[in-house]
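What follows is a short report on a single structure.
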Amino acid sequence: MASKSGAPSYSETQRQSSVVAAAGLSSEDDAAVLAKLGYKQELRRNFTLIEVFGIAFSIMGLLPSIASTLAYSIPAGPVGMVWGWFLASGCIFVVGLAMADLGSAMPTSGGLYWWTHFFSSPATRNPLSFLVGYSNTLGLVGGLCSIDYGFSLMFLSVIVISRDGNWTPSNGDIYGVFLACVLCHAILASVMSKIMGKLQTVFVVMNFVLIAATVIALPIGAKNRRNDGHFIFAETENLTTWPTGWAFMLSWLCPIWTIGAFDSCVHMSEEAANATKAVPFGILMSIGSCWFFGFIIVIVLAATINPDLDSVLSSPFGQPMAQIYYDALGKHGTLGLMSLLFIVQFLMGLSIIVAASRQTWAFSRDGALPFSTFFRPISQRFGYIPLRAIWGCALLAAVLGLLSLIAPAAAQALFSLAVAGNNLAWGVPIFARVVWGQKKFKPGPFYTGDRFSVPIAWAAIVFLVFGILLSMFPVGGPDPTPQDMNYTVVINCAVWFGALGYYYIDARKWFTGPKITIDTNDLTEEQEVAIREEGLEVKGVTTATGSETGSGGGSGKEEGERV
């Protein structure tokens, strides 16, 4: 029976989910969990628990990501490389715990903006949900840009090494390789959907092969000039004009950028079997694995790096990692490991375009993006995937990548665009939960507990705010020139204020948040009280006036303005 707002009732949605499950897209349990969040099952659940971890870990691409961001940690010396990694990774794990609580309770592809809308106050839920959706979408596409830009630098560095440093790629060369990489990712993500889950296991294996090759080969190659323990764990340096302490804090950008794709587990939740357990497992295992293995990698790098750090940073190969390989292994060893490095970097880009397209599709499903009706359809022919959203992300990445034609400093903004954009998107729903929506929070199978959950959430919020500010500082020092300026503040503020401006000028007239229905069977008495206090109308919940709302949870205004 349809609700008064025109939306199907929960029982009807549950029946529809069972039909979809019978068609082979999902188990009935997973489809029912999604139906409780207001959505029918449209994507095929191809991803197992291990494969959900795999997509996050492969996007992080541990060693290639460290290689791409060594320029942030080397200026602080070995202490920045080693202890900066360990401390920042621990803080990121705290963020992962806070997000795992939410991901287990409410697993949906648009999780971040969905949670924001559910937990926020009535006055803030729509604009904040709109802001988070745009910030997360642009942050993920920014991650695709930065990964593929890093790939282009690694790929071209192999050519430079093969020519003994007698060739320097132009900005046009870098963009050309970048564009070709983006197009390849879009094509592969379109035609390989049926095996994409299985491929994540292959990608994880490739990552560990590269890690093993590096941590074994570098100490052997540098056996006659390895650095001692004091140098590795206690030697400080400052190649910036910032104070030494702040140079150490800037070294945190390396792990912050590297371990920054764990929300991809959330975006894949509608394609994950047993999502309430797979999502938190994927988040925490991917962060924990990077924390542990990354610590080993940076220790090995600090043990084998040339003590003249300035010469490593200004390497003629264009990549500090290439110089570290070259100093230890010579030309042929460097060519071999750098080739493996850019291959793994390429696989990272393939995984992140999949995650970015799912967030874009979910946001289009709720009508929030321009041309939502165009990006919304699912392609059954290509395996129940959001084909148009994949190509939309690729097109946007190609446009953002044009920054690489301006100057290296502008291109570096692609890295911090992902950091700042995603940090805001992760922090707002966590903040909304502890400030406005704690009484409405119903834990899933994974839960950090009543005693620890809220303190963990506040610790995560503080760190995410710090990460946003950190990502906007010029890396070299104060008073930057236009060539050294960090343009992250410009790009992200344009995204954030542009999204809010768009909402208040136009979108507030039609964006009412995710189209959600909740049945009273899934609400505790405390949750019902909290919902009544906010004046929200949900099926079966008695309002403050003593009347019971209609089936499906219509607000009496526009469809979609529901919890």
Side-chain angles (χ1 to χ4, degrees), residues 56 59-61 64-65 68-69 71-72 112-113 131-153 174-175 178-179 181-182 185-186 189 253-264 266-267 345 348-363 369 389-428 464 467-473 475 485-499:
I59 291 174
M60 292 174 184
S65 294
S68 297
T69 52
Y72 293 125
L112 301 177
Y113 74 86
L131 172 64
V132 166
Y134 270 90
S135 187
N136 191 211
T137 302
L138 267 294
L140 286 166
V141 176
L144 171 63
C145 289
S146 56
I147 287 172
D148 286 1
Y149 180 75
F151 166 84
S152 65
L153 293 180
I174 295 172
Y175 180 74
F178 167 86
L179 183 60
C181 184
V182 170
H185 284 147
L253 285 172
C254 176
I256 286 174
W257 185 84
T258 298
I259 314 176
F262 48 87
D263 66 313
S264 59
V266 176
H267 302 308
Q345 182 91 353
M348 291 167 57
L350 179 56
S351 294
I352 198 171
I353 196 174
V354 172
S357 66
R358 273 48 174 186
Q359 159 61 20
T360 303
W361 170 77
F363 210 32
L369 289 177
I390 290 173
W391 284 94
C393 290
L395 177 61
L396 182 56
V399 173
L400 289 174
L402 291 171
L403 284 170
S404 64
L405 294 175
I406 300 174
Q412 289 301 314
L414 296 174
F415 287 82
S416 39
L417 169 65
V419 171
N422 283 325
N423 274 22
L424 182 134
W426 301 335
V428 171
L464 290 171
I468 291 173
L469 297 176
L470 191 67
S471 70
M472 294 184 177
F473 272 77
V475 176
M485 172 65 181
N486 186 341
Y487 290 93
T488 304
V489 63
V490 178
I491 296 174
N492 276 96
C493 285
V495 171
W496 296 335
F497 288 110

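- Residue pairs that meet the salt bridge (Lys or Arg N to Asp or Glu O under 4.0 Å) test with at least one member in residues 348-358, sequence neighbours left out, are Glu271-Arg358.
- Judged as a side-chain contact (heavy atoms from CB on, under 4.5 Å), and not counting sequence neighbours, the contacts of Leu140 are Asn136, Asp263, His267, Ala356, Gln359, Asn422.
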Apply side chain to side chain contact (heavy atoms under 4.5 Å, CB included) to the pair Trp391 and Leu395, showing each step before the final yes or no.
CA-CA 6 Å; Trp391 284 94; Leu395 177 61; over 6 Å; no
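- In plain terms, the two heavy atoms of Leu400 and Cys145 that are nearest each other are CB-SG, 3.7 Å.
- Closest approach of Ala186 and Ile390 over heavy atoms only: O-CG2, 3.8 Å.
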Might you work through the side chain to side chain contact (heavy atoms under 4.5 Å, CB included) test for Ile256 and Thr69, ending with a clear yes or no?
CA-CA 10 Å; Ile256 286 174; Thr69 52; over 6 Å; no
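- Although no hydrogens or angles enter the test, the distance criterion places a donor-acceptor pair under 3.5 Å between the side chain of Asn486 and the main chain of Phe473.
- Among all heavy-atom pairs drawn from Gln345 and Pro64, the shortest one is OE1-CB, 2.9 Å.
- A distance of 9.0 Å separates CG in Asp148 from CD1 in Ile352, rounded to the nearest 0.5 Å.
- Rounding to the nearest 0.5 Å places CG of Leu350 at 10.5 Å from CD1 of Ile147.
- When all heavy atoms of Tyr175 and Ala398 are compared, the closest pair comes out as OH-O, 2.8 Å.
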side-chain hydrogen bond (donor to acceptor under 3.5 Å, both in side chains) between Ser65 and Trp257, intermediate numbers included:
CA-CA 8 Å; Ser65 294; Trp257 185 84; over 6 Å; no
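- With rounding to the nearest 0.5 Å, the separation of CG in Leu253 from OG1 in Thr258 is 10.0 Å.
- In this structure, CG on Leu369 lies 6.5 Å from OG1 on Thr360, to the nearest 0.5 angstrom.
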Given side chain to side chain contact (heavy atoms under 4.5 Å, CB included), test Ser135 with Tyr113 step by step and report yes or no.
CA-CA 10 Å; Ser135 187; Tyr113 74 86; over 6 Å; no
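- Between Phe262 and Trp426, the two ring planes are tilted [angle within 30° to 60°].
- Between Ile353 and Ala189 the shortest heavy-atom distance is CG2-CB, 3.8 Å.
- Between atom CZ of residue Phe178 and atom CG of residue Leu402 there is a gap of 8.0 Å, rounded to the nearest 0.5 Å.
- Between Ala425 and Val132 the shortest heavy-atom distance is O-CG1, 3.8 Å.
- One finds the CG atom of Leu396 at 9.0 Å from the CG atom of Leu144 (value rounded to the nearest 0.5 Å).
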